[in-house]
Amino acid sequence: MTTPRSSAAPPARAGRRVRILRGASAVLASFLAFLAVAVVLGAYIPSIPKAGVIGPVLGGQYPFYIALLALAAAGLAALAWRAGLVRWGCVVTVVSTLSAVGALVIGGIQFQAAQAAGVDVSLGQVFTELSYPAAKPDATETFASPEGEPLRMDAYLPAKAPGKRSPAVVLAHAGGFHTFDKSDLRGTGRWLADHGVAVFAVDYRLAGPDRPTWDKAPQDLVSAMGWVQRNADAYGVDDARISLGGMSAGGTLAMNTAYRLHNGTIKAAEGITPAPPASVIGFYPGTDVSQMWENDVDGSREAAQMYTAGTPQQYPDRYREVSPTSDVRPGLPRTLLVVGDRDRSARPETVTGLGEALRKQGVTVEERKLPFADHAFDDVYGSLTSQTSRQILLDFLLADPR
């Protein structure tokens, strides 16, 4: 006679599986909850160490993803709660749920700001357009060759309409004066062109450890402006509505060049000096390069030193010459300033301070501060802040004050 197998083994194995799954759920839920809480708290309170750095970036550009992350943590914690980890599961479920609510509030505030700016919000873009689209320019031209170095611009052009000329903007890319290139502007360039504005995204000479460009990069934008003005007819551009702008360091460079053209303190290295731009755009710009050096946020001191070849103490005249704040005068072109309210690099108070100084001189200024937005808030092409900033830029460029 055979001895029956014990029926206790399968329940034991099942019990081990439950404990393993419960433990795994608890660990994963803890990790996701910690990440979600850190991001949401940092987005709301940027002064928190470390969390205040990642929070505005991730929470500001991916609020709905953070909400989903928090809800996943809450779901896993609830499973562990039901499996026996009652107190721990309850706490993590509640904390994760509150984090999800906090992230959704950020998204809701940004959605309201987008609607107030007249954005036709695409939620599909929010979830699918996380990087720059693979847009191609309609033409790429060499606009100057200083010291034998060819400088090129990408042209994004609206559909031609008989008898109609388009406003245009010459845009300088971000990168702390020493990195990136014109391709970073391809998403913005194509979108603006599709909405009636010609865009000329330009390269300029980049600084390096042994290559200061404080006296070269502005000349490159002068050359770019001159080239676009001379070729306005060929590209169907209204030569009276050519603007100059840029992002971050590109915004600093564009504003500095535009104001100096108006004030007559910069001339073309060769040929005729172009007319000042019709308007000026600064997206999260450094308004004073000395402040970039002093604040030293995300490599801004190194960037300022490469650009000028030294410190503000060594070269005060250079720092003064390349800072937009140095050229505030009456009669400057109307100016658009856009900054995130969580920006640590181009601090909102420095941008609004420049706006106030311009207004005191009678300059027409439009300032826009985007909620829960950090520096380079338009890096995620489909984000609500990116969609909002594109609409603000478009409306500014389409406005004709004549």
Side-chain angles (χ1 to χ4, degrees), residues 36-67 99 101-119 121 126 174 188 245-252 255 281-288 291-292 294-298 300 324-325 335-359 365-396:
V37 169
V39 170
V40 172
L41 280 178
Y44 280 94
I45 311 174
S47 60
I48 298 177
K50 295 185 179 180
V53 176
I54 65 169
V57 175
L58 299 180
Q61 299 201 73
Y62 306 95
F64 299 110
Y65 282 93
I66 300 302
S99 297
V101 172
L104 289 173
V105 169
I106 293 174
I109 291 172
Q110 292 181 340
F111 184 83
Q112 288 180 331
Q115 287 191 314
V119 180
V121 175
V126 170
T188 299
M247 284 66 179
S248 193
T252 304
M255 295 173 67
I281 299 105
F283 269 40
Y284 41 92
T287 58
D288 186 332
Q291 287 181 340
M292 291 177 57
E294 291 167 2
N295 294 337
D296 194 19
V297 177
D298 295 333
S300 63
T325 51
T335 298
L336 172 65
L337 299 172
V338 185
V339 67
D341 67 358
R342 301 297 197 267
D343 198 324
R344 298 182 311 117
S345 298
R347 295 178 179 175
E349 61 269 21
T350 66
V351 176
T352 56
L354 175 60
E356 182 60 28
L358 289 167
R359 272 191 294 271
V365 181
E366 182 179 340
E367 291 176 29
R368 303 298 289 269
K369 192 185 298 184
L370 301 184
F372 290 98
D374 199 354
H375 201 68
F377 49 70
D378 49 354
D379 269 356
V380 179
Y381 181 80
S383 69
L384 289 174
T385 53
S386 191
Q387 292 186 49
T388 303
S389 67
R390 286 196 296 272
Q391 187 66 51
I392 291 170
L393 178 55
L394 175 67
D395 291 343
F396 181 81

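Every value quoted in this text rests on a predicted model; they were computed, and no experiment measured them.
Taking OG1 of T385 as the reference point, atom CD1 of I106 lies at 11.5 Å (rounded to 0.5 Å). R368 CZ to T352 OG1: the interatomic distance, rounded to the nearest 0.5 Å, is 14.5 Å. The structure places OG1 of T325 at 4.0 Å from CG of D288, a figure rounded to the nearest 0.5 Å. The line from CG of L393 to CD1 of I281 is 5.5 Å long, rounded to the nearest 0.5 Å. Between atom CG of residue L384 and atom OG of residue S389 there is a gap of 11.0 Å, rounded to the nearest 0.5 Å. Between E356 atom CD and E349 atom CD the span is 14.5 Å, to the nearest 0.5 Å.
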**OP:** Give the C-alpha distance, both sets of side-chain angles, the deciding distance and a yes or no for side-chain contact (heavy atoms from CB on, under 4.5 Å) between Q387 and V126.
**Re:** CA-CA 9 Å; Q387 292 186 49; V126 170; 3.7 Å; yes
Checklist entry - V339 and R347: side-chain contact (heavy atoms from CB on, under 4.5 Å), yes or no, with the steps? => result CA-CA 8 Å; V339 67; R347 295 178 179 175; over 6 Å; no
Worksheet item: Please walk me through it: do V37 and S99 pass side-chain contact (heavy atoms from CB on, under 4.5 Å)?
Response: CA-CA 6 Å; V37 169; S99 297; 3.2 Å; yes
Quiz item: Taking it one step at a time, do D378 and M247 satisfy side-chain contact (heavy atoms from CB on, under 4.5 Å)?
Solution: CA-CA 10 Å; D378 49 354; M247 284 66 179; 4.0 Å; yes
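A side-chain contact (heavy atoms from CB on, under 4.5 Å) with S300 is found for one member of H375, M292, Q291 and no other, namely M292.
In this structure, R342 fails the cation-pi test against Y44, since its NZ or CZ atom is not both closer than 6.0 Å to the six-membered ring centre and inside 45 degrees of the ring normal.
No donor-acceptor pair under 3.5 Å is formed between the side chain of N295 and the backbone N or O of V297.
Between F377 and Y284, the angle of the ring planes goes over 60°, which puts this pair in the perpendicular group of the 30/60° scheme.
Ion pairing of E367 with R359 is present here, as a side-chain N (NZ or NE/NH1/NH2) and a carboxylate O approach within less than 4.0 Å. Using a 4.0 Å cut-off between a side-chain N of Lys or Arg and a carboxylate O of Asp or Glu, R344 and D298 qualify as a salt bridge.
Taking both residues in full, the closest heavy atoms of V351 and P285 are given as CG2-O, 4.0 Å, listed atom of the first, atom of the second, then distance.
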